[in-house]
There are 2 protein chains.
Amino acid sequence: MRYHKIPDETVRRLPMYLRGLLLCREQGVRDVSSRKLSELLHISPAQIRKDLSYFGAFGTPGVGYDTAKLAKQIRGILKIDTPNKAALVGLGNLGSALLKYPGFGAYGLQISAVFDNDPGKIGKIVKKVKVEDVSKLSTLKNKNIKLGIIAVPASAAQSVADALVKAGIRGILNFAPFYLDVPKKVKVITIDIAMVLARLPYYLPASA
Amino acid sequence: MRYHKIPDETVRRLPMYLRGLLLCREQGVRDVSSRKLSELLHISPAQIRKDLSYFGAFGTPGVGYDTAKLAKQIRGILKIDTPNKAALVGLGNLGSALLKYPGFGAYGLQISAVFDNDPGKIGKIVKKVKVEDVSKLSTLKNKNIKLGIIAVPASAAQSVADALVKAGIRGILNFAPFYLDVPKKVKVITIDIAMVLARLPYYLPASA
DNA sequence: AGTTGTGAACTTATTCACAGCC
DNA sequence: GGCTGTGAATAAGTTCACAACT
C-alpha cells in the first residue's frame with residue numbers, strides 16, 4: 001500500500017493512534033493489537049490496520065504492534081519526532097489559555113513566540129515567553145518557526161494570516177470564525193468552537 | 001430530497017452556512033446565490049445546494065436565497081432558534097476562556113451553569129454565573145440544561161461525563177483528550193486541540 | 001490460535017450536468 | 001441570462017474477508 005495517496009482522514013487519525021499508544025505505554029503494555037487499540041479509541045480494527053498500512057508494515061502477525069516502535073514511527077510520519085515551535089497571535093482569553101495549555105508537549109509542540117496589539121500586554125513575560133507587538137511578526141523569519149496559531153477576533157484574522165505567511169509560516173491553526181485566504185503552500189486548519197457547539201442541539205431529542 | 005437520511009457532513013456544514021448568511025446580512029445583502037456563498041465559505045456551490053435540498057427548497061431560481069429567511073430556516077433545523085443553555089465543567093484556563101468567549105451568542109448558546117472542584121473557585125461569580133461544586137452536577141436536572149462542556153483533565157473526563165449524563169445532559173462538547181463512553185442517546189463531539197495542532201507539521205514541506 | 005496487511009466489495013460523500021423556473 | 005434543485009456519475013472512505021505469517 002506504500003505508494004497510494006494518503007487519505008486526509010487517515011492523517012487526522014494518526015495523532016489519535018499516538019494518543020492510544022502513549023496510554024498503553026503508561027500502563028506498561030508492550031504490544032497492542034488493532035483490536036485492543038480499537039477498544040481504546042473506538043476506531044475499527046480494520047480502519048487502524050488500513051491507515052497504518054499506507055505508511056508501511058509495522059506490526060507482527062499473531063502479536064500486534066510494539067507500542068514504543070509504532071509511536072516512534074507515527075511521530076516520524078507526522079514530523080513531530082523533532083520539536084516544532086509555534087507562534088501564537090492574540091493573547092486574549094483563548095490565547096492565554098492556549099499558551100498555558102499543557103497538552104502540546106506530548107506532540108513535541110511548543111509555543112515559543114507570542115504577539116498581541118494591546119500595549120498593556122506587550123513586553124510582559126508569560127510562561128517564559130515575551131509578548132511582542134504584532135507589527136514585529138516579520139521577526140519570525142529568523143526564528144525557524146513554521147507554525148502559527150491565530151486567536152484574534154474574526155475582523156483581524158485575515159491580516160494576521162497575511163503577516164504570518166509573509167513571515168514564512170507554513171501551517172496555521174485558526175480559531176477565528178473566518179475563512180482564511182492563503183497561498184496553496186500554506187496549510188490552514190480552522191477550529192470554530194462556537195460552530196461546533198452549535199451542532200449539538202440538532203441531535204437533541206425533539207421533546208425538550 | 002426531503003425524505004433521505006441526512007449526511008453527518010451536511011449537519012457539520014450548516015453552521016457555516018449560517019455564518020456566511022450573517023456576514024451577508026451585516027453587509028446589507030438581501031439575496032445570495034450558492035456561488036456567492038461559495039466564495040465566502042469555500043464550499044462548492046453544488047455542495048451548498050445539495051445540503052440545503054435535504055431539508056427543503058429554500059431558494060428562488062434566478063435569484064438565490066433570501067439571507068434572512070434562510071438563516072431562520074437553518075436556525076430551525078439546528079434547533080438553535082430558541083436559546084440553548086449549556087453547563088461548563090472545569091474552570092481552568094480553557095474553561096475560563098470558554099466562559100468569556102463572545103462567539104456563542106450568535107448561535108443562541110449560553111453557558112448558564114459552571115462547575116469546578118477547586119474550593120478556591122467554588123462560590124465565585126464569573127460572568128454572572130456562580131461557580132458550583134462538581135458534586136452538585138445533579139442539580140442540572142431542574143434547570144432544563146441539555147448541553148454540557150467538559151474542560152477538565154483527561155483523568156477526570158469520564159467521571160464528569162457520567163455525572164452529566166446522570167443529570168440529564170444529552171449533548172457534550174468535550175475538550176479532554178479521551179474517548180468518552182456514554183449511552184447512545186447522548187451525542188459527544190470531542191475537540192482535542194493539541195491533536196489538531198499536531199497534524200500541521202505533516203503538511204510542512206520536507207526541507208525545514 | 002491469533003494477528004497483520006490488503007484487494008475487493010460496499011458505503012458514504014461530492015461533483016456533474018441539466019431540466020425547470022424566475 | 002442566471003439560478004435552483006436533483007438524479008446520475010464520480011470520488012473518497014470504510015468494512016469485509018482471507019491469505020500469509022508468528
Side-chain angles (χ1 to χ4, degrees), chain A residues 1-17 20-21 24 29-74 77 179 199 202, chain B residues 1-17 20-21 24 29-74 77 199 202-203:
Chain A
M1 290 288 276
R2 239 129 305 167
Y3 305 105
H4 288 55
K5 191 178 125 291
I6 312 296
D8 249 16
E9 293 298 304
T10 293
V11 178
R12 205 175 48 77
R13 282 186 294 266
L14 287 178
M16 300 197 206
Y17 299 150
L21 292 168
C24 286
V29 180
R30 170 163 293 154
D31 296 293
V32 69
S33 64
S34 57
R35 186 144 71 76
K36 281 215 219 86
L37 257 185
S38 163
E39 285 163 21
L40 213 57
L41 303 170
H42 286 245
I43 297 169
S44 81
Q47 184 76 82
I48 295 172
R49 295 200 301 277
K50 174 73 91 183
D51 281 343
L52 296 176
S53 79
Y54 287 117
F55 302 99
F58 306 119
T60 311
V63 179
Y65 301 90
D66 179 306
T67 52
K69 231 174 72 183
L70 182 55
K72 194 177 170 182
Q73 290 287 348
I74 293 179
I77 294 164
Y179 173 82
R199 246 157 73 206
Y202 175 85
Chain B
M1 289 288 274
R2 239 131 304 169
Y3 306 105
H4 287 55
K5 193 177 124 293
I6 313 296
D8 249 17
E9 293 298 303
T10 293
V11 177
R12 203 175 48 77
R13 282 185 294 264
L14 287 178
M16 300 196 206
Y17 300 149
L21 291 167
C24 287
V29 180
R30 171 162 293 155
D31 297 293
V32 69
S33 64
S34 57
R35 185 144 71 79
K36 280 215 221 85
L37 257 185
S38 163
E39 285 162 21
L40 213 55
L41 303 170
H42 286 245
I43 297 170
S44 82
Q47 183 76 80
I48 294 172
R49 295 200 302 276
K50 174 73 93 183
D51 281 343
L52 295 175
S53 79
Y54 287 117
F55 303 98
F58 305 120
T60 310
V63 178
Y65 302 91
D66 179 306
T67 52
K69 232 174 72 183
L70 182 55
K72 195 177 169 182
Q73 290 286 349
I74 292 179
I77 294 164
R199 245 157 73 207
Y202 175 85
Y203 297 97

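Letters go in sequence order (proteins before strands), and every chain restarts at 1. We use all heavy atoms of the structure for the numbers below, so side chains are in, but hydrogens, waters and symmetry mates are not.
Rounded to a whole Å, the CG atom of A/Asp31 is 16 Å from the P atom of C/dG2. When the P atom of C/dT3 is taken as reference, atom CG of A/Leu52 falls 16 Å away, rounded to whole Å. Going from atom CZ of A/Phe58 over to atom C1' of C/dT4 covers 13 Å, rounded to whole Å. If you take CD1 of B/Ile48 and C1' of D/dG5, they are 14 Å apart, rounded to a whole angstrom.
For B/Thr67 (side chain) and B/Val29 (main-chain N/O), a donor-acceptor pair under 3.5 Å exists by modelled atom type. For B/Ser38 (side chain) and B/Ile43 (main-chain N/O), a donor-acceptor pair under 3.5 Å exists by modelled atom type.
Evaluation of the side chain to side chain contact (heavy atoms under 4.5 Å, CB included) rule for B/Lys69 yields B/Asp66 as partners, not counting sequence neighbours.
Across all their heavy atoms, B/Leu41 and B/Tyr17 have their closest contact at CD1-CD2, 3.8 Å.
Distance check, rounded to the nearest 0.5 Å: CG of A/Leu21 to CG of A/Leu70 gives 4.5 Å. Note: B/Arg13 CZ to B/Asp51 CG = 4.0 Å, rounded to the nearest 0.5 Å.
The stretch residues 64-74 of chain B touches DNA chain D through B/Gly64, B/Tyr65, each having a heavy atom within less than 4.0 Å of the strand.
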| Contact letters for nucleotides 14-22 of chain D, in which S counts primed atoms plus P, OP1 and OP2 and B counts the base, heavy atoms under 4.0 Å | SB-B---BS
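Ion pairing between a basic and an acidic side chain is recognised when a charged N comes within 4.0 Å of a carboxylate O; A/Lys36 and A/Glu39 show no such pairing.
In this pair, A/Phe55 and B/Tyr202 present their aromatic rings perpendicular. The plane angle is above 60°, beyond the 30 to 60° band.
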